[in-house]
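For clarity, every value in this text was computed on a predicted model and none was experimentally measured. Position 1 is the first residue of the sequence, and the numbers go up from there.
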Amino acid sequence: RDTGTFVHYMHSWENGGSLSSDAILALNEDTQGNIWVGTSKGLNILNKKTGLFTRYRHQPSVPGSLSHDRVTAIVRDDKGNMWVGTDNGLNRFHSDTQRFTSFFAQENEPYEIYTMIKDNQGRLLVGTSKGIDVWELENVRTTSLSYWKQTSEEGFITSLWQDGAGGLWVGTYDGLAYVSLDKDEVNFHRINVSDPRSLNTNKIQSLYGDRAGRMWVGTFTGGINILD
């Protein structure tokens, strides 16, 4: 930021220390200052001192490999563990062995993760094609928000944000929802063509709550909507 210039990291067939793919889906940083990059072709970890990436791919014949190559979400928990959400499975990385332990909501069932955050209780909230799962990390078990009802086939979870009051904002392709976790209530905001102050599209892509308490809503076709 001091120089106003950009450094570019891109895939190179000749360089094994480059990104495995230029399609970037998730970013985070570990306690050592390494940058974790989720791509369409595996997980990449950047050593900022060397400028080189270490690649982790799904290898069906190798125990402890990543459960799927498409990495959609990366979260660091309160103990510094790194969790990786993919198109099929949740993964916890073990830095001592450079291996992963993979978890699924239901055994022998596909587990497609779209988004993931750490909540104010240190749990993982995971948005999937079927709803919201809550992962308790002490014993690594999951429960689903039973009162969350999919409203349409486009109701899969695209984004999550927890506000200071503990409420959960949920972005879907069927509108924006606010979940009162303590009251088991869900309230939706959707487009209303007769109200110019409503959402201008139901296709939500990203969420951000600012310090003033406003919710910034990034959409697929309607630009940015701000809920004041």
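- A parallel orientation is assigned to the rings of F6 and H8, their planes being inclined by less than 30° (bins at 30° and 60°).
- The main-chain N or O of G171 is found under 3.5 Å from a side-chain atom of T158 such that the two form a donor-acceptor pair.
- Tracing side-chain contacts under 4.5 Å through hydrophobic residues (I, L, V, M, F, W, Y), one reaches I45 starting from I74; they form part of the same cluster.
- Across all non-hydrogen atoms, the minimal contact from D77 to W83 is OD2-NE1, 2.9 Å.
- Donor-acceptor pairing under 3.5 Å is recorded for the side chains of N192 and S194.
- Applying the salt bridge (charged side-chain N to carboxylate O under 4.0 Å, His left out) rule to pairs touching residues 55-68 yields R57-D69, sequence neighbours excluded.
- Heavy-atom neighbours of K41 NZ from other residues, nucleotides or ligands within 6.0 Å: at or below the threshold of 12.
- Distance check, rounded to the nearest 0.5 Å: CG of N187 to OG of S180 gives 6.5 Å.
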Take T54 and N34 through the test side-chain contact (heavy atoms from CB on, under 4.5 Å) and record every step on the way to the result. CA-CA 10 Å; T54 301; N34 301 307; over 6 Å; no

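- Rounding to the nearest 0.5 Å places CG of L66 at 5.0 Å from CZ of F100.
- In the hydrophobic cluster analysis, where Ile, Leu, Val, Met, Phe, Trp and Tyr join through side-chain heavy atoms closer than 4.5 angstrom, L46 is grouped apart from V71.
- For A105 against Y111, the heavy-atom pair with the smallest separation is CB-CE1, 3.4 Å.
- Nearest heavy-atom pair across L125 and L160 is O-CD1, 3.5 Å.
- Expressed to the nearest 0.5 Å, how far OG1 of T31 lies from CG of N81 amounts to 9.0 Å.
- Using modelled atom types, no side-chain atom of N202 and backbone atom of R190 make a donor-acceptor pair closer than 3.5 Å.
- Here the side chains of S18 and H11 are in contact, with some heavy-atom distance below 4.5 Å.
- Minimum interatomic distance between L137 and G122 (heavy atoms only, all atoms of both residues): CD1-O, 3.6 Å.
- Interatomic distance, S129 OG to D87 CG, rounded to the nearest 0.5 Å: 9.5 Å.
- To the nearest 0.5 Å, atoms CD1 (I113) and OG1 (T128) are separated by 8.0 Å.
- Taking both residues in full, the closest heavy atoms of A212 and D210 are given as N-OD1, 3.0 Å, listed atom of the first, atom of the second, then distance.
- A donor-acceptor contact shorter than 3.5 Å links the side chain of S67 to the backbone of N88.
- I35 is connected to L19 through a chain of hydrophobic side-chain contacts under 4.5 Å among Ile, Leu, Val, Met, Phe, Trp and Tyr, so both are in one cluster.
- The other residues sharing a hydrophobic cluster with I224 are W161, W169, L176, Y178, L199, I204, L207, Y208, M215, W216, V217, I226, L227, where clustering joins ILVMFWY side chains under 4.5 Å apart.
- With respect to R76 and D30, no salt bridge is recorded, no charged nitrogen being found less than 4.0 Å from a carboxylate O.
- A continuous path of Ile, Leu, Val, Met, Phe, Trp and Tyr side chains, each step under 4.5 Å between heavy atoms, connects V179 with V134, placing both in one hydrophobic cluster.
- Within a 6.0 Å radius of CZ in F104, more than 12 heavy atoms belonging to other residues, nucleotides or ligands are found.
- Judged by distance alone, the side chain of R99 and the main-chain N or O of H94 form no donor-acceptor pair under 3.5 Å.
- Atom NZ of residue K49 and atom CD of residue Q32 lie 9.0 Å apart, to the nearest 0.5 angstrom.
- Taking 4.0 Å as the cut-off between side-chain N and carboxylate O, R70 and E112 do not count as a salt-bridged pair.
- The main-chain N or O of V126 is never found under 3.5 Å from a side-chain atom of D133 such that the two would form a donor-acceptor pair.
- When side chains are defined from C-beta on, T219 does not count as touching Q205, because their heavy atoms never get closer than 4.5 Å.
- For the residue pair S102 and N91, the shortest heavy atom distance occurs at OG-OD1, 2.8 Å.
- In the hydrophobic clustering (ILVMFWY side chains linked at under 4.5 Å, chained through shared members), V62 stands by itself.
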Would you please test N47 and L52 for side-chain contact (heavy atoms from CB on, under 4.5 Å) and show each step? CA-CA 6 Å; N47 183 318; L52 298 176; 5.6 Å; no

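- A parallel orientation is assigned to the rings of H68 and H58, their planes being inclined by less than 30° (bins at 30° and 60°).
- Side-chain contact between V170 and V186: absent, with no pair of heavy atoms (C-beta onward) separated by less than 4.5 Å.
- The hydrophobic clustering, which links ILVMFWY residues whose side-chain heavy atoms are closer than 4.5 Å, places W13 and F53 apart.
- With 3.5 Å as the limit, one finds a donor-acceptor pair spanning the side chains of T221 and T201.
- Between Y56 and F93, the ring planes are perpendicular. Angles over 60° get that label, and only those under 30° would be called parallel.
- Counting only N and O atoms by type, the side chains of N44 and Y9 include no donor and acceptor under 3.5 Å apart.
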What do the steps show when you test E29 against K48 for side-chain contact (heavy atoms from CB on, under 4.5 Å), and what is the final call? CA-CA 11 Å; E29 185 176 14; K48 289 188 287 188; 3.3 Å; yes

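- Put simply, the side chain of Y114 does not reach to within 4.5 Å of the side chain of T72, judged on heavy atoms.
- Put simply, the side chain of E138 reaches to within 4.5 Å of the side chain of K79, judged on heavy atoms.
- Counting heavy atoms from C-beta outward, L168 and I132 have side chains that approach closer than 4.5 Å.
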